[in-house]
2 protein chains.
Amino acid sequence: MSLPDSQGPDSQSPHSPLSRRRTGIPEATVARLPVYLRVLGSLAESGVTTVSSDALAVAAGVGSAKLRKDLSHLGSYGTRGVGYDVEYLVYQISRTLGLTQHYSVAIIGVGNLGHALANYAGFASRGFQIVALVDADPRRVGEQINGLEVRHLDELETVVKEHEVSIGVIATPAASAQDVCDRLVSCGVTSVLNFAPIVLAVPDSVDVRKVDLSIELQILAFHEQRKSSHASEVGAG
Amino acid sequence: MSLPDSQGPDSQSPHSPLSRRRTGIPEATVARLPVYLRVLGSLAESGVTTVSSDALAVAAGVGSAKLRKDLSHLGSYGTRGVGYDVEYLVYQISRTLGLTQHYSVAIIGVGNLGHALANYAGFASRGFQIVALVDADPRRVGEQINGLEVRHLDELETVVKEHEVSIGVIATPAASAQDVCDRLVSCGVTSVLNFAPIVLAVPDSVDVRKVDLSIELQILAFHEQRKSSHASEVGAG
DNA sequence: AGGACTTTGTGAACAGATGCACAAAGCGCT
DNA sequence: AGCGCTTTGTGCATCTGTTCACAAAGTCCT
């Protein structure tokens, strides 16, 4: 989608109408599928085998019409009068999202955040495997984190090719993020998850998603402010 | 805000047409303002005093028409034929986002991620101040992080009221997130930033934004898959 | 002062996403 | 088999967001 435009959770790449036509799945739907998948996962764990769009919608925090429309993009996998088979739906969503494939992930930058990411268990689940940790600081090189040895930034290209990394996670300071990104892209990485507070410039063929604490806080601040001024504004008219 | 609906970077709370009318600022615009703000900040540091919508748009990774329309929601702060005064625009955006106010932030959960957040410098900038760290694990209570002492979860209510926390950051395991959230809400916290991989249920009056690594990865996976199948599909027709 | 040039701000067309409401489809009970 | 109940899937209206394209408004140069 992305216009040459934005990246980031929100306005996330519109990804060109073309891709939309190819997959038939709207971007807004794609962004919600992982949520459904997670909810379905816990339902399955609880022994639930069948779920209605209403129940699933409540659990996922969306409207039921929206949910049904979302699922209808994948095909007709429900049974009228009954609902959806949990296990089957999990499979279909996973397949649609491409989670039946395997993805090798490299984390660049092993500071506080990088450490947290490297240790994050949920990471490894669902086909994502961390295969490399890279840092520019020689003092951190060689350190073992979660069974992986930190490699030096100089080896980035080697490491990426060696492990056929498909997703690069940038957890470096802002100053080095663009450089790291460029190097990832030139090694053939086409998906980047960016934690650095900076807008990355990439070719159209590369997908970037950003996670940005500070932006989220500022959005919350906006609404928080609106709430505080609420009383007076309502009073005023 | 937010419909009983979604939370999270993407489909973020449509925030009811009403609020839209009250502030006059579309949600999509609000989500981009922090990006503009950041870019303007670095421009200012570089000594730039005036910037055109085109230049700013490129730096922010959006289209220039979109940027102008976004800014036009705040008022007419540009000069035709010239552009925008960087410093003045920074001020106007800050004011609009409510960053001229002060926000007290509490972080609940001081595991790997909580640690990283507590040490994150950019946090304290722009009016956000971490005033409390809370954890359920007695072994972590008392620890000093970045000059703040970790308090026990039992004291959550006390701590929140004591520091007049306006934003709660949930960095706990999924299992305790809803409980923590409920307690925050019952203490009067109306803005929550959720890092736990779970959909939080909150009253309409509370804003939740979520940051979810695993969802972002899955969205990337979807597009990555689309790219790999690209070659064959194009070949096939 | 006046004209060429630049750049903003915005009306209008378009595109995408959401929500409503209901027909179609299946289940289970008699 | 038939009837009533439940729930999906979707056409349609609506709303939100994006993009285009241009008039209005300003600067700079002569």
Side-chain angles (χ1 to χ4, degrees), chain A residues 1-6 10-21 23-33 36 50-58 60-86 88-89 92, chain B residues 1-6 8 10-21 23-33 36 49-58 60-86 88-89 92:
Chain A
M1 357 232 94
S2 44
L3 320 191
D5 242 6
S6 67
D10 273 283
S11 54
Q12 214 83 16
S13 15
H15 250 240
S16 95
L18 268 167
S19 66
R20 165 69 191 291
R21 199 159 299 122
T23 69
I25 304 194
E27 196 56 25
T29 295
V30 171
R32 281 186 297 264
L33 289 178
Y36 304 154
T50 282
V51 69
S52 72
S53 64
D54 248 327
L56 185 52
V58 169
V62 303
S64 67
K66 196 192 275 186
L67 181 130
R68 286 199 300 278
K69 190 152 287 190
D70 282 345
L71 294 184
S72 77
H73 288 294
L74 323 193
S76 266
Y77 299 133
T79 308
R80 292 168 195 239
V82 178
Y84 300 89
D85 181 83
V86 173
Y88 187 53
L89 197 50
Q92 290 298 344
Chain B
M1 350 255 101
S2 39
L3 321 190
D5 241 5
S6 66
D10 274 282
S11 54
Q12 214 82 19
S13 16
H15 251 242
S16 92
L18 269 167
S19 67
R20 166 69 190 293
R21 200 157 300 122
T23 68
I25 306 196
E27 196 57 23
T29 295
V30 172
R32 283 186 295 264
L33 289 179
Y36 304 154
T49 60
T50 282
V51 69
S52 72
S53 63
D54 248 327
L56 186 51
V58 168
V62 302
S64 68
K66 196 191 274 186
L67 181 128
R68 286 199 301 277
K69 187 149 285 189
D70 282 345
L71 294 185
S72 76
H73 289 294
L74 323 191
S76 266
Y77 299 133
T79 306
R80 294 170 195 236
V82 178
Y84 300 88
D85 182 84
V86 173
Y88 187 53
L89 197 50
Q92 290 298 344

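Throughout, a chain's letter reflects where its sequence line sits, starting with A, and its residues are numbered from 1.
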* Structure fact -> By nearest-heavy-atom nucleotide on DNA chain C, the more 5' of B:G78 and A:T29 is B:G78

Under 3.5 Å, which protein N or O atoms sit close to an N or O of nucleotides 12-14 of chain D? Give each pair with its distance.
| from | atom 1 | to | atom 2 | distance (Å) |
| --- | --- | --- | --- | --- |
| D:dC12 | N4 | A:K69 | NZ | 3.2 |

* Looking at A:Y77 versus A:Y84, is the centre-to-centre ring distance below 6.0 Å? -> no

Take atom [atom1] of [X] and atom [atom2] of [N], then tell me their distance rounded to the nearest Å.
{"X": "B:D54", "N": "C:dC5", "atom1": "CG", "atom2": "P", "answer": "18 Å"}
{"X": "B:I25", "N": "D:dT16", "atom1": "CD1", "atom2": "P", "answer": "15 Å"}
{"X": "B:L89", "N": "C:dT7", "atom1": "CG", "atom2": "C1'", "answer": "14 Å"}
{"X": "A:Y77", "N": "C:dG26", "atom1": "OH", "atom2": "C1'", "answer": "19 Å"}
{"X": "B:L56", "N": "C:dT7", "atom1": "CG", "atom2": "P", "answer": "13 Å"}
{"X": "A:L71", "N": "D:dG9", "atom1": "CG", "atom2": "P", "answer": "8 Å"}
{"X": "B:H73", "N": "C:dT10", "atom1": "NE2", "atom2": "P", "answer": "10 Å"}
{"X": "B:K66", "N": "C:dT10", "atom1": "NZ", "atom2": "P", "answer": "19 Å"}

* Asked: Where do B:T49 and B:V86 land on the side-chain contact (heavy atoms from CB on, under 4.5 Å) test, with the steps shown first?
  -> CA-CA 5 Å; B:T49 60; B:V86 173; 5.6 Å; no

* Heavy-atom side-chain proximity of B:L56 to B:V51 below 4.5 angstrom -> yes

* So do the side chains of A:Y36 and A:L89 get within less than 4.5 Å of each other, counting heavy atoms only? -> no

For the [atom1] atom of [X] and the [atom2] atom of [Y], what is their distance to the nearest 0.5 Å?
{"X": "A:L71", "Y": "A:K66", "atom1": "CG", "atom2": "NZ", "answer": "13.0 Å"}
{"X": "B:E27", "Y": "B:R32", "atom1": "CD", "atom2": "CZ", "answer": "10.5 Å"}
{"X": "A:L74", "Y": "A:Q92", "atom1": "CG", "atom2": "CD", "answer": "7.0 Å"}

* **Given C:dA17, C:dC20, D:dA21, the nucleotide with the shortest approach to the side chain of A:P26** => C:dA17

* To do: Could you work out which one of C:dC22, D:dT18, C:dT7 sits closest to the side chain of A:R68?
  => C:dC22

* **Footprint string (nucleotides 23-30 of chain D, 5' to 3'): B base within contact, S backbone only, - free, heavy atoms under 4.0 Å** => BBBSS---

* To do: Say whether A:D85 and A:T50, considering side chains only, have a donor N or O and an acceptor N or O under 3.5 Å apart.
  => no

Between [X] and [N], is there a contact of a side-chain N or O with OP1 or OP2 at under 4.0 Å?
{"X": "B:S52", "N": "C:dT7", "result": "no"}
{"X": "A:Y84", "N": "C:dG26", "result": "no"}
{"X": "B:S53", "N": "C:dT8", "result": "yes"}

* Polar side-chain atom of B:T79 near backbone of B:V82 as donor-acceptor pair, under 3.5 Å -> no

